[in-house]
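The structure appears right after this line, and notes come after that.
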4 protein chains.
Amino acid sequence: MSNNSTKAADGKLLVLTPGMGAVATTFIAGVESIRKGLSKPIGSLTQMQTIRLGARSENRNPLIKDFLPLAELEDLTFGGWDVKPDNVYDACVHAKVLKPQDIEPIAEFLKTIEPMSAAFEQKYVKKLDGPNVKDFKTKKDLAEQLREDIRNRMKETGATRAVMVWCGSTEVYQSPSECHMSIEAFEKGLEENDEAISPSQLYAYAAIMEGVPYANGAPNLSADNPALTQLAEEKGVPIAGKDFKTGQTLMKTILAPGFKTRMLGIQGWFSTNILGNRDGEVLDDPESFKSKEVTKSGVLDTILQPETYKDLYADLYHKVRINYYPPRGDEKEGWDNIDIFGWMSYPMQIKVDFLCRDSILAAPIVLDLALFLDLAKREGKAGVQEWLSFYFKSPQVEDGHVQEHDIFIQHFRLKNTLRVMGGEQPVTHLSENYDSYK
Amino acid sequence: MSNNSTKAADGKLLVLTPGMGAVATTFIAGVESIRKGLSKPIGSLTQMQTIRLGARSENRNPLIKDFLPLAELEDLTFGGWDVKPDNVYDACVHAKVLKPQDIEPIAEFLKTIEPMSAAFEQKYVKKLDGPNVKDFKTKKDLAEQLREDIRNRMKETGATRAVMVWCGSTEVYQSPSECHMSIEAFEKGLEENDEAISPSQLYAYAAIMEGVPYANGAPNLSADNPALTQLAEEKGVPIAGKDFKTGQTLMKTILAPGFKTRMLGIQGWFSTNILGNRDGEVLDDPESFKSKEVTKSGVLDTILQPETYKDLYADLYHKVRINYYPPRGDEKEGWDNIDIFGWMSYPMQIKVDFLCRDSILAAPIVLDLALFLDLAKREGKAGVQEWLSFYFKSPQVEDGHVQEHDIFIQHFRLKNTLRVMGGEQPVTHLSENYDSYK
Amino acid sequence: MSNNSTKAADGKLLVLTPGMGAVATTFIAGVESIRKGLSKPIGSLTQMQTIRLGARSENRNPLIKDFLPLAELEDLTFGGWDVKPDNVYDACVHAKVLKPQDIEPIAEFLKTIEPMSAAFEQKYVKKLDGPNVKDFKTKKDLAEQLREDIRNRMKETGATRAVMVWCGSTEVYQSPSECHMSIEAFEKGLEENDEAISPSQLYAYAAIMEGVPYANGAPNLSADNPALTQLAEEKGVPIAGKDFKTGQTLMKTILAPGFKTRMLGIQGWFSTNILGNRDGEVLDDPESFKSKEVTKSGVLDTILQPETYKDLYADLYHKVRINYYPPRGDEKEGWDNIDIFGWMSYPMQIKVDFLCRDSILAAPIVLDLALFLDLAKREGKAGVQEWLSFYFKSPQVEDGHVQEHDIFIQHFRLKNTLRVMGGEQPVTHLSENYDSYK
Amino acid sequence: MSNNSTKAADGKLLVLTPGMGAVATTFIAGVESIRKGLSKPIGSLTQMQTIRLGARSENRNPLIKDFLPLAELEDLTFGGWDVKPDNVYDACVHAKVLKPQDIEPIAEFLKTIEPMSAAFEQKYVKKLDGPNVKDFKTKKDLAEQLREDIRNRMKETGATRAVMVWCGSTEVYQSPSECHMSIEAFEKGLEENDEAISPSQLYAYAAIMEGVPYANGAPNLSADNPALTQLAEEKGVPIAGKDFKTGQTLMKTILAPGFKTRMLGIQGWFSTNILGNRDGEVLDDPESFKSKEVTKSGVLDTILQPETYKDLYADLYHKVRINYYPPRGDEKEGWDNIDIFGWMSYPMQIKVDFLCRDSILAAPIVLDLALFLDLAKREGKAGVQEWLSFYFKSPQVEDGHVQEHDIFIQHFRLKNTLRVMGGEQPVTHLSENYDSYK
């Protein structure tokens, strides 16, 4: 059924995760658990979602994975880096995301995966530390070591292809500086140990140099700069980012479009989070928090178009707070108060309390990004993949483009992009015609 | 800019509201308040929303009301029926929706509108009663009196056109019976005082016979039956229904599509409401409640497609409760608990507390429906207007069609229908093309 | 340190529980788990609370269990009845209250306890059924069989004393009828199979006849009638009831006294519950629900004294709803909306969402009641023990007394009663004296 | 009925409020509104609460105000200081606490009260400023001016007695320094313009020197230091503080005692506030916030006794956040998440959302403090009045005493103190005796 031009997904696909904490181990445990028939790939579009092809009356609604030549779960292998030397089993137990009864049946498998030593400097993630780190003289060295790790791990696992998904902690906030303006400047920076080059940039650089697609699940700069974007285009490597869309921001991008369709005004939106995992601990450092705050801030503005809808959204007071609160563990909780107004400006309030699980929401995103980026590579796509905005809090876009945050529009684009990749027409939504969208 | 085929909106448009309680009076007060520059038409698409025409790069984003020949607010006149003889000012004060400081500046105007005597029998709305009701021998008589009321009120107000929007209470539950199967059977029923013909059906019948478009803001059967639908088609009259989408159902049709895009499972959805206005009092009668419950029940099933997504939604336990609670007055409150699950079936919970105002959410819907139905009439559209599903909890559809509840798809259809009416291309959403949808 | 007059707690104490579902098995598992050093007796006053003796400056604050001759956890043995024949291990697993990792270490012990066959008729608990029930001709027979069960189980376990705590389901609502007016009438009713005598009354009767203290954790009539109260007094047996104070009512009796101390008015209190365990299933039957509703209704009136504080509480609208909602399992959730008002009658709102665990809150109550009733028996107390009101939603009181619902006053009485039992002065709270209450 | 030794409340009582913003104007408007029969003194113990005297069977339950010789509302006059020159009517309208329809009927009266010029320096309240301030060379001068103001205002209003209640903004955090250690040091500081002496201390000093009782509704140091306490004792002036107990702390001191009575453990308590009035703006300054944070922090520790109940409360993680959020205005909202645990350490959660109104909760406290302090003065009480702890977030206590935060114990002490003042026995709570406490 697929597009002739796409190369089939032959052989094994290695999924590399810098950072092997709660998210990465939950992802790996889940894949193995699904492969053993112990659970279902809930939350994953590549595994569970259908896609309508042609007119509604044609009744063609295959699963996405039956429509496009995605890698099979059976063909996934894993590798990664962490500052702690624990194998995936130990790290998974330590993360306290999954219950013992869900970890034990796959313990054997998880124990076989050991993290490679990490490229790490504590000044970029103040609240984190560990012994499993690489020595280096220059950042260039470090990047070369990472490239060698990638090649070695591919050999060890017999993989024909690899993708990398950043699952590590949030680094301190950085805006692009001089060394990010061109490939040359960046490589010079590597040799001169430029302060502006953080570890996550080294991983991105190493991946792209090895022809490995790269996605960034945290809000760090990482590949979101001219140097690495340009490199990705030159090397024919698809990249995507930033910051997995989970929890409160996920809810925000569902709710805000809803209020807007109905032309309900919003006077204020107060969001507070409590979380107690390593992510929370790291964000307790104000500089790491700043990275996060920036990716969270633009969401409402882009969706609501306050410049067009002045009477409704121009005075919106938006405040986001993140609080480290150990009793909550990985079960992040987000509480939102939304002050809306309607007819004659009468106020109404909405409170949303989301008792979520960060890693549970993030894990299927890792899977989908790995499979879609691998597909994109085989499709010959290079550079920033805007159609994957659906998965990110702060979608990386091409130069000159604006971010799209409305999750329904993001989803729409994702599906139509898949249709076109598979040689089908995009859905056209003629409302005159009952056979329109579903 | 508009389509040549549409007749312009010349002269005055009479908006008729059977039921002149909280919703109707809030609607009328708001329109007058806007006309006097005292407030903005928050919540109304016809007044505030823009519509993108052509490619994004063309930058054509007029207001809907500048794009299509809708009636102007200045040209609206009002009329209605109620079992209580209070004029609109008194009814508005009594309803306690609006604050005195918002009513007083328009008191003069509101006092000029007196309700006509109502077609009413208490057995259809047990908890309601009042002295301002019509005498009758047969329901045929009653319908004729209503038709005369319509003609008289048009004369009094100098209107060239009229629309009718049911703003009355919820009647006891009825499914279509014999007399609803054809126009002939219905007219025979009118003469023989068939029990199955409730007052709201008489209003709908009278409107259609007079060529007046009809919308139903409550969950009653009203025009949603073969007899009246067929009549509407024959007489060239557009109709729409049922039950204004406000409060909890509005939230439900925003949230459920969001969970579905992300393939998050739902184990249970518990919704409870507390409300203390006349609507709540009426719903305290189990038979009236049943009408409401039926319109609220189908929403999730249609959106979530449990037959396609068995692992995610087949076992969803959905429970809706409505509670009369006088302390809350018109400020209905809805509390939802949603049990979702993600990766490896791990459970998460979402609680939504919506402190809403029923009449404030309903009033702009009355306005939009009046203007859009009037436009549709001039456009030559007849029978059920599915493209107005956006406004209803239980959209009336053509025979053989299924209801669409996803508010984003509903909104999409509404906008594309407007584009086509205005002689423009529907938006096509090619995701390959950055100039796609906004 | 204890009172000379109290007999010491020598030998084993048998705790008998009619109903061996979620509450009873959680109680038994917890006791064994504490005995093995695997957990702490959280929620239990007998095990954890201190009691101040004398003036504050004396600094005498022993644990209650060091102050009074309570039975030791080591000396508890268990027995019970259930319509299902599962042993306590199987029932505990089935109840899904405790996690496997908490059940397994004590599995051996739990498997040794098998339920005796129950005195049961389905007409009293419509939604419940099972095969492990006694045959009988007259209710008198049934009662005799239960008495024999008690004696046998004491022998089997080598107990010197026993107490019985009803942990079964809620029976259909009954108010006291003719046969409850005297011991004679009751015993005649037993012989004549009077409809008004439900199984829980048989258990209470059997216990009292055997000199075994009885507490009732459900809202059924059970021992709360003149016949059984009189019998308890005659036989020198302490009894207590009704309906363990957990969840929403617990919160209500904490919050309402708080508002009252500050003279804040209450306009309305809406309480809704969702629960999915056997208790919820049983309460889905309207007649069983009525029993529950009655015990929940009086709480606010008694605390708030609306006849004294007319301006504050006379118009309070109180509504309680219980909803069976299977996704929640044993983790009952209660949502309260409280409409209070203050200075110049300005309204404020409080929403309380309590994600509680019914059996976890009930289990330590079973323990405390067992130990306190056993103590009371040795102290020579007979009949209704009002000082145990602290533990009940609807405290059983002596004839002519009114119920006390304020949890702080209840707690106060409990502690002062213990002080007197132990030969100490009650605390007197002279506010002039800094050495007063803590 | 009252104690012979207390002087009657003859003549007018002047209530002086430094700070005439939301709290003070709501208080004054309310008193006048009550005097005109337009509202009831909701929230005020002095006006609405009854007090039981003797045994319950004696049935003596007079209103507090009928039992003790409190000043009558008719005899209250008002005065105050503010940096803004608006009269009370304008300030009341500006504060947006009360609705126009509640202000207008008493507009005449409110317009008659103009603020005296304030003793103010912006460095103590960074976010506040205004033109109505006193010139001065030394703080001694300033204090003298305030004393003169007091004497003048008494003359103007014909008052025989006065009390002062600080209703101003929170000053930057200060702990007692050298100049607060003795009266002499303090007076030297006044002359030398010691930085450590803030305006609220000048008001307290002036009041005490004039024999005027003083209460502090904000968390500032003010009279809570050895110098001013000693002065109050010497001059025979009763004082009380600090920080009116409203909103979230009020709820905390209701809930925490409830959990403790039942020996439920608490793992974490997260409290966040959103508020948008002047108070919120002032607290946006970190130094002012620190004052507030300190008064909010100790509450749980004192109530829960973590040193005694290690297994339950020693690991409690308590976090309090205050957020300036303008859309909320004076209607402060507090959201609490409380992580409790019960039997076998199983976790439960409680969420409390309090939509409160700060000034509405504070106003009756101002009234009660004014009347009780005036009574205390006539009773011959001097220095810190611990029995008024009931009204404060951070009760000022005598040297060597610990704060009591449990609202039920506080209430208890208040009532028994009143009983003794009125020549009655304190309630003794013998639980053996049914005639005990109500």
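Naming convention: chains lettered A, B, ... in sequence-line order (proteins, then strands); numbering from 1 in each chain.
- The greatest number of non-hydrogen atom pairs below 4.5 Å with chain C, out of D:Ala363, D:Ala29, D:Ser33, is found for D:Ala363.
- Screening residues 331-363 of chain C for ring pair (Phe, Tyr, Trp, His ring centres under 6.0 Å) gives B:Trp335-C:Trp335 as the qualifying pairs, with residues at least two apart or on separate chains.
- When atom types are taken as modelled, the side chain of C:Arg357 and the backbone of D:Met348 share no donor-acceptor pair closer than 3.5 angstrom.
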Self-check item: Stepwise side chain to side chain contact (heavy atoms under 4.5 Å, CB included) check, C:Val352 with D:Ile350
Solution: CA-CA 7 Å; C:Val352 180; D:Ile350 296 166; 4.1 Å; yes
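- Residues D:Gln49 and C:Met263 come closest through the heavy atom pair NE2-CE, 3.0 Å.
- Within residues 250-257 of chain C, the residues having any heavy atom less than 4.5 Å from a heavy atom of chain D are, in residue-number order, C:Leu250, C:Met251, C:Ile254, C:Leu255, C:Pro257.
- Annotation: the span from C:Ser345 atom OG to D:Ile360 atom CD1 amounts to 9.5 Å, rounded to 0.5 Å.
- Heavy atoms of D:Thr261 lying under 4.5 Å from chain C belong to its backbone as well as its side chain.
- The local environment of CD in D:Gln425 is sparse, with at most 12 non-hydrogen atoms from other residues, nucleotides or ligands closer than 6.0 Å.
- The local environment of NZ in D:Lys40 is sparse, with at most 12 non-hydrogen atoms from other residues, nucleotides or ligands closer than 6.0 Å.
- Residue D:Ile338: no heavy atom, backbone or side chain, is found under 4.5 Å from chain C.
- Chain C forms more heavy-atom pairs under 4.5 Å with one residue of D:Phe27, D:Phe408, D:Tyr391, D:Tyr309 than with any other, namely D:Phe408.
- Separation of atoms CE (C:Met48) and NZ (D:Lys310) is listed at 11.0 Å; rounding is to 0.5 Å.
- For C:Leu367, the part lying under 4.5 angstrom from a heavy atom of chain D is the side chain only.
- Between chain C and the options D:Ala362, D:Ser359, D:Pro347, D:Ser39, heavy-atom pairs under 4.5 Å are most frequent for D:Pro347.
- Counting heavy-atom pairs closer than 4.5 Å to chain C, the top-ranked of the candidates D:Gln47, D:Glu398, D:Gln410, D:Lys245 is D:Lys245.
- Checked against side-chain hydrogen bond (donor to acceptor under 3.5 Å, both in side chains), C:Thr25 has no partners two or more places apart in sequence or in another chain.
- Chosen from C:Gly258, C:Pro41, C:Pro364, C:Ser44, the residue pairing most often with chain D at heavy-atom distances under 4.5 Å is C:Pro364.
- Comparing D:Val97, D:Thr26, D:Leu98 by heavy-atom pairs within less than 4.5 Å of chain C, the highest count is held by D:Leu98.
- Residues C:Arg262 and D:Ile365 approach most closely at NH2-CD1, 2.9 Å, considering heavy atoms.
- Looking at D:Val31, both its backbone and its side chain come within 4.5 Å of chain C, counting heavy atoms on both sides.
- Only the side chain of D:Thr308 comes within contact range of chain C, judged by heavy atoms closer than 4.5 Å.
- Only the side chain of D:Leu312 comes within contact range of chain C, with at least one heavy atom under 4.5 Å from a heavy atom of that chain.
- With sequence neighbours excluded, no residue satisfies ring pair (Phe, Tyr, Trp, His ring centres under 6.0 Å) with D:Phe244.
- Using a 4.5 Å heavy-atom cutoff, the side chains of C:Asp353 and D:Gln349 are not in contact.
- By number of non-hydrogen pairs under 4.5 angstrom with chain D, the leading residue of C:Asp311, C:Ile34, C:Leu264 is C:Asp311.
- For the atom pair CG (C:Leu361) and CD1 (D:Ile340), the distance works out to 6.5 Å, reported to the nearest 0.5 Å.
- Counting heavy atoms from C-beta on, the side chains of D:Asp102 and C:Met344 come closer than 4.5 Å.
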